[in-house]
Each structure stands twice: as C-alpha cells, then as structure tokens.
Amino acid sequence: MASYLQIADDEKGHDLDLFCVPRHYENDLDKVIIPHGLIMDRTERLARDIIRDMGEHHIVALCVLKGGYKFFADLLDYIKALNQNSDKSVPLTVDFIRVKSYCNDKSTNSVKVIGGDELSSLSGKNVLIVEDIVETGRTMQTLLSLLSECNPKMVKVVSLLVKRTPRSSGYRPDYIGFEVPDAFLVGYALDYNEYFRDLSHICILNDQAKEKYKV
Ligand code: IMP
Ligand code: MG
C-alpha cells in the first residue's frame, strides 16, 4: 500500500494572511491547507520512490491535463535531478492527454479523454500517469482500461492528492502525495471552473466562491 501524508478532517489549516495569495482570490478561500513548500518537499520524495521502482527502463510520463500540469512539471524536475546526479539513469519522455469530468464542484458520470499521441506508442514502455487528484477514481479507471489495450510493459499512477470520500470506488493510485478531507480544493493547478489554477498553495474554496464562479 502506498504511503502518504494524511491531512486530517479537522485540520485547521493556515490563515491566508500568513501567505502570499493573489488579491483577486482573497475573499474566495477559507484556509491554506497545503502550502506550496510542503507540496514541493513531498513531491521530491515521490520522485525518489518512483525512480526506485521504475528506473530500469525508458519511462513515458503521461500528464493528465489540465489539473496535473504543475505537479507534472515539478515531479519531472525532481526525477531529472535524480537522473543527472547518479550513476544510473533512464530516458524520460513526456506526453499529455486531457480529461474532463467535472462541472462546478460535482464529478459527472462521463469521462472524456482528448488529445495525446497515438496510445499505441506506449506499447512496451514503462508508463507513469501523473494526476492531480483522485476522488471517485472513475477518471483513472477509465484511463487505465484504455491504456491496457496498448500493452505497455508497466503502468504506474501517481496522484498528488487522494480524497477521503464515501464516493470512492475503492481505487488507489500506486503513489500518493497527500490524503485529503472531503472538501473542494483549489490551487497548484486544481481549478473550480478554470479559476484558481493561478494560486500556489492548495486551499479550501468557500461556499460564497462556489456561487460566484458557478457556470
Ligand atoms: P474522479 O474521476 O472522481 O476520481 O475525479 C477526478 C478528477 O476530478 C480530477 O482529475 C480533478 O480534475 C477533478 N476533481 C476532483 N476533486 C476535485 C477538487 O477537490 N478540486 C478540483 N478538482 C477536483
Ligand atoms: Mg485531474
């Protein structure tokens, strides 16, 4: 079982005033739940765990857009640092796909996969899927069943966050950064209707903001 840093349900978080938060979001957020620095520190360790398990063979890192882009970029920087500072190293190539399953703060039943190279190019490769957050697990299960048709050598999933929720299908990624309470989180590329990707820390969205940015 993957180990992770647990953020408790009664986690009080940190006052916004103690951090740099864009002015335009000041009234939309309750607390900073995971400061940017802690995200980076945990990501550095995930990179080490991933290289330990997958570092024998060409890795294709597959970024699940848009929410995964910050985590993907930072994780790959740490993997690159390991690659260029040790006697052993493996080629790392990248690909990007887009998946959309959310409207407002609710997961919808349809999971759409858009873009990316021909999935057949993943045949025989070690594939690392990089995701921002797993909630019900539906997005990842859909993606994994699509990928399995291309016969990759190995598929591992790393998700920065996993939500503790009764809506979970029971699916767990191979690597997990943090397990988080059942709240709607934004920041570090996690969005609410496309807003809040331009916020460095992971924060809880307040109810007023859910109305304000509703579509
Ligand atoms: P799942 O298919 O229910 O596991 O949902 C996964 C996707 O829903 C993630 O990739 C996110 O894009 C989105 N999502 C789920 N929870 C949150 C959240 O708290 N904030 C922002 N996006 C979320
Ligand atoms: Mg996502």
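Just so you know, ligand 1 is whichever comes first in the structure, and atom 1 is the first atom listed for that ligand. Everything numeric in this text was worked out from a predicted model, so none of it was measured. All values below were derived from every heavy atom in this structure, side-chain atoms included, with hydrogens, water molecules and symmetry-related copies excluded.
Residue contacts with ligand 1 include G137, since one or more of its heavy atoms lies under 4.0 Å from the ligand. A heavy-atom separation below 4.0 Å is found between A183 and ligand 1.
Within the 4.0 Å heavy-atom criterion, the part of K163 lying near ligand 1 is the side chain and not the backbone. Contacts between E131 and ligand 1, counted as non-hydrogen atom pairs separated by less than 4.0 Å, involve the side chain only. The proximity of D132 to ligand 1, defined as any non-hydrogen pair under 4.0 Å, is limited to the side chain.
Nearest-residue assignment for atom 22 (N) of ligand 1 (options F184, Y171, F196; heavy-atom criterion): F184. Closest to atom 5 (O) of ligand 1 by heavy atom, among T139, T142, D191, L143, is T139. The option from T136, L65, I133, L185 that lies nearest to atom 20 (N) of ligand 1, judged by heavy atoms, is L185.
Distances between N or O atoms of M140 and those of ligand 1 include no value under 3.5 Å.
In this structure, the ring of F196 has its center less than 6.0 angstrom from the ring center of Y213. Side-chain rings of Y69 and F96 stay apart, their centers remaining 6.0 Å or farther from each other.
The pair E135-R164 does not count as a salt bridge, with every side-chain nitrogen at least 4.0 angstrom from each carboxylate oxygen.
Remark: the D198 side chain and the Y25 side chain contain an N/O donor-acceptor pair separated by less than 3.5 Å. For the residue pair Y192 / D28, no side-chain donor-acceptor distance below 3.5 Å is found, with atom types taken as modelled. Under 3.5 Å, the side chains of D132 and Y188 contain no donor-acceptor pair of N or O atoms.
Counting atoms of ligand 1 from 1 in the listed order, those under 4.0 Å from a heavy atom of L190 are 20 (N), 21 (C). Atom numbering of ligand 1 starts at 1 in the shown order; those under 4.0 Å from a heavy atom of R138 are 2 (O), 4 (O).
A 4.5 Å side-chain heavy-atom check between T43 and F71 finds at least one atom pair inside the cut-off.
For the side-chain contact (heavy atoms from CB on, under 4.5 Å) criterion with I202, the lone passing option out of V186, L161, V180 is L161.
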